[in-house]
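A quick write-up on the structure given underneath.
Just so we're clear, the structure is a prediction, and the values are computed from it rather than from any experiment. Naming: A, B, ... by sequence-line order, numbering from 1 per chain.
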Number of protein chains: 2
Amino acid sequence: MGVRAKADPATEAWKMVFEVITSERPLRIPRVAAEFGMSPMGVHVFRILEPGAELPMSALAGSVGCDASNVTGIVDRLEARGLIERRDSPADRRVKLIALTEEGARLREQVMDRLYEPPAAIARLSAADQRALCDILARALA
Amino acid sequence: MGVRAKADPATEAWKMVFEVITSERPLRIPRVAAEFGMSPMGVHVFRILEPGAELPMSALAGSVGCDASNVTGIVDRLEARGLIERRDSPADRRVKLIALTEEGARLREQVMDRLYEPPAAIARLSAADQRALCDILARALA
DNA sequence: TATTGTTATACTCTATAACTATA
DNA sequence: TATAGTTATAGAGTATAACAATA
């Protein structure tokens, strides 16, 4: 190929999204996890588990993208800290539903605040650019 | 606080950047790494190590954000596959410079192609949105 | 028979500390 | 003395397979 052609706009945009994420050292999720004494997977679980919601462990495994056997340990550790609880499902006695405790819901808010704190790259944009970015990404995720 | 106020544009934008990344399952870097039989850290090293460049192992440790003792193993595995090589530094006999081999440079191109392949969320945007996204992110990373 | 969650196990990745060879 | 890289080691996270309870 020799001299590389300039990539198309989609690829260029994705490259820069990538750069925004990876330019943070340490990466956001491990950093926030360490800050709260949790594992990165614990943070993922928190993100998925909204206050008031109940999720089967199998659903949790699917959402965080790891094996079900792994979820047992992740849930064990969060439950030992009183942040989440296992509840019996009324529909199927095999499944256990996971939900935040009140303390878990309080901690979740703090964790999410840190997770969603915009990095320098985003923060330094003009308000107009930030709003335009919102609009475009809203369409991307629609 | 009760009902949450709408977050400011910077936070909203960052949340959505986050969503674009984490909506891919499995996550991009582990997925591409597995595809090429590498560890995620191997992919990070490839990303940092441009063809023709030579980097001390300590610099590599800093860039990928892990301990120097860890780099030894990461480099060992890539070197065993003939993708990178250790070279003696002419300036300091303690340091070893890491560089891609020709085969490594070829594989790097394939790995980068997969890494920078835009996800569905970005790909489905209009060309105008993609170009606007490029412009804004270029300013974010300036 | 199939599925949910658990346990046992082995493998990978990681950081810490001790070591070597240089500086 | 300090630094670059290595080695030894132990801890955390992970997936696989076998298991118990339930469907």
Side-chain angles (χ1 to χ4, degrees), chain A residues 22 25-27 29-49 54-81 84-99, chain B residues 22 25-49 53-81 84-99:
Chain A
T22 58
R25 288 290 165 192
L27 261 25
I29 288 185
R31 200 195 77 198
V32 172
E35 209 172 297
F36 289 91
M38 306 170 63
S39 72
M41 273 303 175
V43 172
H44 281 295
V45 168
F46 258 41
R47 225 166 69 87
I48 288 154
L49 210 55
E54 290 182 323
L55 250 73
M57 304 194 46
S58 57
L60 222 46
S63 298
V64 302
C66 75
D67 192 84
S69 67
N70 208 347
V71 174
T72 298
I74 295 165
V75 165
D76 280 349
R77 287 189 291 274
L78 292 172
E79 193 174 36
R81 284 178 59 179
I84 64 175
E85 57 185 18
R86 287 170 163 94
R87 298 178 187 162
D88 291 330
S89 162
D92 185 332
R93 301 211 306 182
R94 290 172 304 179
V95 338
K96 286 180 186 149
L97 299 172
I98 306 304
Chain B
T22 58
R25 289 288 165 190
L27 260 26
R28 183 61 67 105
I29 290 185
R31 198 194 78 198
V32 171
E35 209 172 299
F36 288 92
M38 307 170 64
S39 72
M41 273 302 175
V43 171
H44 282 294
V45 169
F46 258 41
R47 223 165 72 87
I48 288 154
L49 209 57
E54 288 181 325
L55 251 70
M57 303 195 48
S58 57
L60 221 45
S63 298
V64 303
C66 75
D67 192 84
S69 67
N70 208 348
V71 175
T72 299
I74 295 166
V75 165
D76 279 350
R77 287 189 291 275
L78 293 172
E79 192 174 37
R81 285 177 58 179
I84 64 176
E85 59 185 18
R86 286 171 163 93
R87 297 178 189 161
D88 291 330
S89 162
D92 185 332
R93 300 211 306 181
R94 291 173 303 177
V95 338
K96 285 176 185 155
L97 300 172
I98 307 305

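Between A:Ile98 and A:Glu79 there is no side-chain heavy-atom pair separated by less than 4.5 Å. The closest side-chain heavy-atom distance from A:His44 to A:Leu60 is not below 4.5 Å. Side chains of A:Met41 and A:Val71 form no contact here, defined as non-hydrogen atoms less than 4.5 Å apart. The shortest distance between side-chain heavy atoms of B:Arg77 and B:Arg81 does not fall below 4.5 Å.
Between D:dG5 and B:Arg93, no contact under 4.0 Å exists linking OP1 or OP2 to a side-chain N or O.
With C:dA23, C:dG5, D:dA15 as the choices, the nucleotide that has an atom nearest any side-chain atom of A:Asp67 turns out to be D:dA15. The nucleotide whose nearest atom lies closest to any side-chain atom of B:Asn70 is, among D:dG13, D:dG5, C:dA15, C:dA15. You'll find that the side chain of B:Thr72 is closest to D:dT7, out of C:dT7, D:dT7, D:dT14. Side-chain proximity of A:Ser69 to the nucleotides C:dC13, D:dA17, C:dT3 is greatest for D:dA17. Checking D:dA15, C:dT14, D:dA23 against every side-chain atom of A:Cys66, the shortest atom distance belongs to D:dA15. In the set C:dT22, C:dT6, D:dA4, the nucleotide with an atom closest to the side chain of B:Val95 is D:dA4. Across D:dA2, C:dT14, D:dA23, the shortest atom-to-atom separation from the side chain of A:Arg94 is found for D:dA23.
One atom, NZ of B:Lys96, and another, P of D:dT7, lie 8 Å apart when rounded to the nearest Å. Look at CE on B:Met41: it is 9 Å from C1' on C:dC13, rounded to the nearest Å. The separation between B:Asp88 atom CG and D:dA4 atom P is 16 Å, rounded to whole Å. Atom P of nucleotide D:dG5 and atom CZ of B:Arg87 are separated by 15 Å, given to the nearest angstrom. Between the CG atom of B:Asp92 and the P atom of C:dT20 there is a distance of 19 Å, given to the nearest Å. Atoms CD1 (A:Ile74) and P (C:dT7) sit 15 Å apart, rounded to a whole Å. Rounded to whole Å, atom C1' of C:dG5 lies 15 Å from atom CG of A:Leu55. The CG atom of B:Leu60 sits 11 Å away from the P atom of D:dT6 (whole-angstrom rounding).
Across all strands shown, B:Ser58 has heavy atoms under 4.0 Å from sugar-phosphate atoms exclusively, and none from any base.
Put simply, OG on A:Ser89 and CZ on A:Arg94 are 10.0 Å apart, with the number rounded to the nearest 0.5 Å.
Nearest-nucleotide assignment on DNA chain C puts the 5′-proximal partner with A:Arg86, out of B:Ser39 and A:Arg86. Between B:Met57 and A:Pro40, the residue anchored closer to the 5' end of DNA chain D is B:Met57, taking for each the nucleotide with the nearest heavy atom.
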